[in-house]
Each structure stands twice: as structure tokens, then as C-alpha cells.
Engineer: 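I am attaching a structure below and will ask some questions about it afterwards.
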Amino acid sequence: MQTLKELFAGVPERFGDRPALVVDGRTWSHRELGREANRLAHGLAARGVRPGTPVALLTSNRAEYVIGDLALIRLGAAKVPVNDMLSPSEIGFVLADSGTEVAIADAGLLQAALAAPAPALRHVVDIDGAADGTDARVRSWRDTLTGAADTEPAAQPQPDGVGLIAYTGGTTGRQKGVVHTQRGLVANVLAHVVETGFQDDERLLLTTPLPHSAGYLLQAGLLKGACHHVERRFDADRVLDAVTRDGITFLFMVPTMIYRVLDRAAARGIAAADLASLRTILYGAAPITLERLEEGLARFGPVFMQLYGQTEAPNFLTRLTREDHDPRRPDRLTSCGQRVTLMEVAVLDERDGRVAAGTVGEVCARGPYVMAGYHGLPDKTAETLRGGWLHTGDIGFLDDEGYVHLLDRTNDMIISGGMNVYSTEVENVVALGQGVGQVAVVGVPHPDWGEAVVAYVVPTGPDAFDEAATVAVCRRELAAYKRPKAFRTCPTLPVTPYGKVDKKALRKEWPGW
């Protein structure tokens with residue numbers, strides 16, 4: 001099986017009436033999802049969608065996202081997932097840069113899609129019927145499915161065809177489209193099944209954006225016949241209610257979310273016995289503190305598993321297992337685990353040579369689901385994939401047992417609440433603010449978010465910097481999670497001996513929250 005269509009063929013019939021999706025109070029069986037996906041696929045094919053056609057999914061977490069995802073798998077189209085946390089200008093860039101021809105949008109993102117400077121965009125499927133009828137490109141979701149066959153379409157995607165263009169931030173301020181082939185995506189779904197250890201009766205609760213990491217878990221769960229409870233947004237009380245009421249076995253969160261669930265469980269007096277259905281809490285973006293891990297083990301049991309990956313090799317480069325989450329081994333808890341089954345991980349020096357255990361260098365990886373490249377950026381692709389290795393931009397070392405320890409990021413990426421924020425991208429926006437002469441953006445430790453975005457500004461003159469006006473610019477141009485949580489003015493920015501802004505020094509100057 002070398003395409004997603006081949007991999008998922010027969011899933012609806014195999015699992016039949018078993019529940020596959022619970023969202024907004026409705027339960028969908030695997031068979032129902034399959035039929036709706038087939039109908040949408042035929043409706044999209046009638047509008048010219050073929051294998052490799054870029055199709056954007058612009059929806060929040062809802063059933064239509066899942067149906068759209070499965071329809072694109074059946075057609076072999078190139079999915080362009082769009083996080084609903086992005087700003088209109090960011091969405092416009094994604095649609096234009098990817099060459100998106102068809103967009104499937106809900107009411108919250110429809111206007112951003114219609115306003116996008118995307119000349120290739122010729123059809124927009126309006127999920128909620130929110131359009132005013134003045135744009136000829138728009139057709140409703142209902143009309144798109146009406147009269148369409150519920151049998152699988154005859155499209156024949158090829159293993160080397162593009163199946164995904166997923167956008168990530170760029171250190172130059174430009175978002176990059178990460179291209180994955182059908183063959184690579186098949187390997188990636190299978191890796192998720194292997195590394196998560198999904199059982200046959202799995203019940204997943206997904207509260208993070210499906211266009212992000214959660215979408216890969218959903219695909220793997222569907223392949224295993226799991227039931228997925230999907231929430232629009234994370235809410236600690238709703239998580240606890242779902243676990244105790246619905247017997248949730250699998251949670252996917254970032255440490256910030258785990259801490260909030262622990263706090264609410266303690267406040268509500270929820271006992272460990274009430275949470276006994278949980279088998280796995282998968283998390284990423286940052287380690288769990290030792291104190292909170294001990295609290296979590298007492299409350300949930302030995303259920304924690306950490307992943308480390310990136311959009312260029314989705315979710316699983318390394319894994320810290322349940323057994324590794326042992327308070328008696330704090331050295332392992334500062335790592336992100338060992339290489340996973342299908343990936344090779346090494347630490348390389350500046351000449352791309354392997355270094356010895358304990359020696360610091362750049363963490364690199366290779367394997368069957370590393371990206372094919374960056375869309376339209378051949379030079380950046382060659383730089384990132386040089387020597388056959390994916391250069392992650394993360395600095396770290398391997399210990400004697402093969403555990404990866406991350407120390408810093410060469411690309412100044414900030415991880416806030418589990419979301420990637422590239423400092424240069426934020427700096428380019430802050431620089432548009434009133435009275436901003438120079439700006440440096442860093443991530444500083446935060447007890448809740450892991451890291452918080454802070455902007456250090458050198459004003460153009462006394463009293464020249466207008467923080468309120470700069471905040472307004474950030475609100476217009478940046479997703480909420482990318483916006484600085486604080487601004488600090490300074491007469492100059494510290495620099496390294498090589499003349500570059502010394503961001504480590506700025507982080508050290510941060511006084512705390």
C-alpha cells in the first residue's frame with residue numbers, strides 16, 4: 001500500500017456501525033463517515049479535483065473537517081490544512097502560495113478564504129451557508145453533496161504524488177509549505193499506529209486543532225477502528241467530564257493542558273478511580289516538570305508518553321515511553337526519548353559529521369516520512385535536507401543510551417502552549433508598530449504556557465514607542481498565540497561577538513512574571 005487511498009480502502013466496511021466520531025452531540029459510525037466522504041469526493045471531482053489538486057480545509061474542529069479529510073484521501077488530492085487560529089493575512093498567504101484551487105470553509109473562515117489574494121482559487125465550498133450569494137465561486141456544502149454517489153470514486157493517486165502541503169512558520173518571516181508525498185504519508189500513519197500502541201477499543205479525545213498534530217492521530221485512529229471524541233477547543237472540565245462519562249482511553253495534550261486538568265481534578269475532588277479508563281496521555285512541545293509528573297502519576301497512573309517531531313517529519317522522531325516517565329530517573333525526564341521505529345536520529349556537527357554521545361550538535365533525522373521538500377523553495381529544501389538528513393534546527397545531544405536531549409533551537413523558534421512561533425515572523429510584524437526602531441523577540445519561561453512571546457523594543461526616540469498601536473498591528477497580522485505577551489523597551493539590544501543580537505542575554509534579563 002503506497003497511497004492513502006489504498007491504505008484506507010475497506011475501512012468503512014471493516015468497522016461498519018462501530019462509532020467513529022462524536023462531535024457536537026452527534027455520533028457518526030465508520031460506515032456513515034465513509035459514505036459522506038464518498039459523496040463529498042464525487043462533488044469535488046465534479047469541480048475538477050484530481051490527484052494532486054491543492055484543496056484547503058479551513059474549518060475548526062468539527063465533523064466536516066473529518067469528512068473533508070477522508071474525501072481528499074479518496075481523491076488523492078493535496079490537502080492544505082489551515083489552522084483556524086491564523087490571521088486573515090496568514091490564511092491569504094497559505095492559499096496563494098500553495099496554489100489552492102478549492103477551499104472548504106466554515107463560517108468563521110469563509111470571508112478570509114474569499115478575500116485571499118489567491119488567483120488559483122476557483123471553487124469554495126461553504127459549510128454553513130454563510131455566503132451572501134455575490135461570489136460565483138461559492139457553492140454550499142449541501143449542494144455539493146446533493147445527488148452525489150456514496151460509492152468510492154475511481155481516482156488513482158500515485159505514490160510519489162503530493163498528498164499534503166502543511167504550512168509552518170519561517171525564520172525569514174515567511175511561512176513555508178511542507179510537502180509530503182502519498183508514500184510518505186502512508187508510512188507516517190503506520191508509524192502513528194505503531195508508536196501510540198493503539199488498541200482495538202481505543203476512545204480518543206482530541207481538543208487541539210485537527211489541522212495540526214491531532215489530525216495525524218485521528219487518521220491513525222480511524223485506520224484502527226477507534227472512536228474519536230472531538231471538541232472545538234480545550235476545556236479542562238470538559239476533558240474530565242469526557243473521561244469519567246465516556247470512558248476515554250487516550251488524551252493528546254501539551255503540558256500546559258495537563259497542568260490545568262490536574263488542577264481542576266484536584267479542585268473537583270475527582271479520584272484516580274474515576275479516571276481509570278485512561279491508558280495514554282500523549283504530549284509534546286516541552287517536558288513535564290518532575291513535580292507535576294509525580295502528581296499526574298498519582299492521579300492518572302503510568303499513562304504518560306512524550307513525542308518529539310515537527311511538520312517536516314510529523315509528530316514522531318523520538319518517543320519517551322510510559323516506562324521512561326519514572327521520577328527515579330530524572331535524567332530521562334529531561335530528554336524527549338529515543339528514536340522511533342521508522343526513523344534514524346543523529347547529532348551532526350557543522351560539517352554534517354556524526355558526533356560522539358554527549359557532544360552537542362544539530363539534531364538530524366532520516367526516514368520514510370521526512371518531507372519531500374518545501375513548496376516553491378528549492379534552496380531552502382536543499383539546505384534543510386542536505387546529505388540525506390532532515391536538519392531540524394534543534395541543538396542537542398544523544399546520551400549513551402540513545403536518548404535525545406534538546407538544548408536550544410538554531411532557528412529561534414518559540415513553543416508557546418504547544419504551538420510553534422518563529423521569532424523573526426513576529427519581529428517583522430512588531431517592526432510595523434509606531435516608534436519601533438529595533439526589535440528582538442524571544443521566548444521566556446512561563447508557568448502555564450511553557451514559553452511566552454516577549455518583544456524587546458528599541459524606540460526611535462524618547463516616548464516614541466506606542467505600545468497600544470503596536471498591539472493593534474499584532475492583532476491584525478498575527479494569530480493570537482504568536483502575539484507578544486509583553487513588551488519591554490531598552491536603549492540598545494545586546495549583541496554577540498559576531499554582531500548578531502544576543503537573544504540568550506535577553507532571556508536572562510527577563511525579570512519573570
Side-chain angles (χ1 to χ4, degrees), residues 168-172 176 178 255 284-287 306-320 330-340 343-367 370-371 374 380 382-416 418-427 440-446 450-454 494-508 510:
T168 184
T171 56
T172 62
K176 302 187 297 295
V178 179
Q306 183 185 354
L307 60 80
Y308 161 58
Q310 54 184 209
T311 308
E312 290 83 349
N315 287 355
F316 283 107
L317 290 175
T318 67
R319 181 170 67 96
L320 193 68
D331 54 319
R332 287 189 178 176
L333 293 176
T334 60
S335 81
C336 54
Q338 297 172 304
R339 54 166 282 192
V340 297
M343 299 300 292
E344 183 179 1
V345 176
V347 175
L348 307 183
D349 61 22
E350 62 275 5
R351 292 187 293 274
D352 289 342
R354 288 179 183 256
V355 301
T359 303
V360 174
E362 184 174 7
V363 179
C364 298
R366 59 187 178 192
V370 165
M371 69 171 182
Y374 293 116
K380 184 62 178 176
E383 175 189 345
T384 304
L385 296 180
R386 66 184 183 273
W389 289 92
L390 169 66
H391 289 67
T392 67
D394 291 332
I395 299 300
F397 66 91
L398 283 165
D399 66 22
D400 292 332
E401 296 179 288
Y403 287 81
V404 176
H405 298 256
L406 300 180
L407 302 176
D408 205 347
R409 290 180 285 277
T410 60
N411 54 17
D412 288 322
M413 186 176 70
I414 301 162
I415 301 179
S416 182
M419 303 299 292
N420 294 346
V421 181
Y422 287 80
S423 60
T424 307
E425 182 181 6
V426 182
E427 286 164 357
V441 168
V442 298
V444 301
H446 191 280
E451 285 184 301
V453 181
V454 171
V495 295
T496 69
Y498 300 99
K500 295 184 179 181
V501 174
D502 190 347
K503 293 191 174 182
K504 288 185 179 179
L506 289 176
R507 294 186 190 101
K508 290 180 180 178
W510 177 249

Engineer: Give me the atom names and distance for the closest heavy-atom approach of Met343 to Phe316.
Structural biologist: CG-O, 3.7 Å

Engineer: Are the side chains of Trp389 and Asp352 in touch, meaning some heavy atoms are under 4.5 Å apart?
Structural biologist: no

Engineer: Check this for me: does any side-chain nitrogen of one of Lys503 and Glu427 sit under 4.0 Å from a carboxylate oxygen of the other?
Structural biologist: yes

Engineer: Using the rule side-chain contact (heavy atoms from CB on, under 4.5 Å), only one of Thr318, Val404, Leu320 pairs with Ser335; which is it?
Structural biologist: Leu320

Engineer: State which residues pass side-chain contact (heavy atoms from CB on, under 4.5 Å) with Ala382; sequence neighbours excluded, sorted by chain then number.
Structural biologist: none

Engineer: Any side-chain heavy atom of Val501 sitting closer than 4.5 Å to one from Leu506?
Structural biologist: yes

Engineer: Please report the closest heavy-atom contact between Gly284 and Pro255, naming both atoms and the distance.
Structural biologist: O-CD, 3.2 Å

Engineer: Quick one: side-chain contact (heavy atoms from CB on, under 4.5 Å) partners of Ile414, sequence neighbours excluded?
Structural biologist: Val421, Ser423, Val441, Glu451, Val453

Engineer: When rounded to the nearest 0.5 angstrom, what is the spacing between CZ in Arg319 and CD in Gln338?
Structural biologist: 9.5 Å

Engineer: With sequence neighbours excluded, what pairs up with Tyr403 under the side-chain hydrogen bond (donor to acceptor under 3.5 Å, both in side chains) test?
Structural biologist: Asp324, Arg332

Engineer: Could I get the full list of side-chain contact (heavy atoms from CB on, under 4.5 Å) partners for Thr311, not counting sequence neighbours?
Structural biologist: Ala166, Thr168, Val178

Engineer: Would you name the heavy atoms of Gly388 and Arg366 that are closest together and state the gap between them?
Structural biologist: O-CB, 3.5 Å

Engineer: Using modelled atom types and a 3.5 Å cut-off, is there a donor and acceptor pairing between side-chain atoms of His391 and backbone atoms of Thr384?
Structural biologist: yes

Engineer: Checking Asp331 now: which residues fulfil side-chain hydrogen bond (donor to acceptor under 3.5 Å, both in side chains) with it, not counting sequence neighbours?
Structural biologist: Arg329

Engineer: Looking only at heavy atoms, what is the nearest atom pair of Ser416 and Ala452, with distance?
Structural biologist: OG-CA, 4.2 Å

Engineer: Any heavy-atom pair between the side chains of His405 and Thr334 that's under 4.5 Å?
Structural biologist: yes

Engineer: Measure the CZ-CG distance between Phe397 and Leu406 for me, rounded to the nearest 0.5 Å.
Structural biologist: 9.5 Å

Engineer: Please lay out, stage by stage, how Trp510 and Val442 fare under the test side-chain contact (heavy atoms from CB on, under 4.5 Å).
Structural biologist: CA-CA 10 Å; Trp510 177 249; Val442 298; over 6 Å; no

Engineer: Nearest heavy-atom pair of Val370 and Ala365: which atoms, and what distance?
Structural biologist: CG2-O, 4.3 Å

Engineer: Would Leu385 and Met371 count as a side-chain contact (heavy atoms from CB on, under 4.5 Å) if you check the C-alpha gap in whole Å, the side-chain angles of each, and the deciding distance to 0.1 Å?
Structural biologist: CA-CA 9 Å; Leu385 296 180; Met371 69 171 182; 4.1 Å; yes

Engineer: Anything under 3.5 Å between a donor and an acceptor, one on a side chain of residues 354-363, the other on a protein residue two or more places apart or in another chain? List them.
Structural biologist:
| residue | atom | partner | partner atom | Å |
| --- | --- | --- | --- | --- |
| Arg354 | NH2 | Glu344 | OE2 | 2.4 |
| Thr359 | OG1 | Ala356 | O | 3.3 |
| Glu362 | OE2 | Gly393 | N | 2.8 |

Engineer: Just one of Leu307, Asp394, Thr392, Val340 clears the side-chain contact (heavy atoms from CB on, under 4.5 Å) bar with Leu317, so which one?
Structural biologist: Thr392

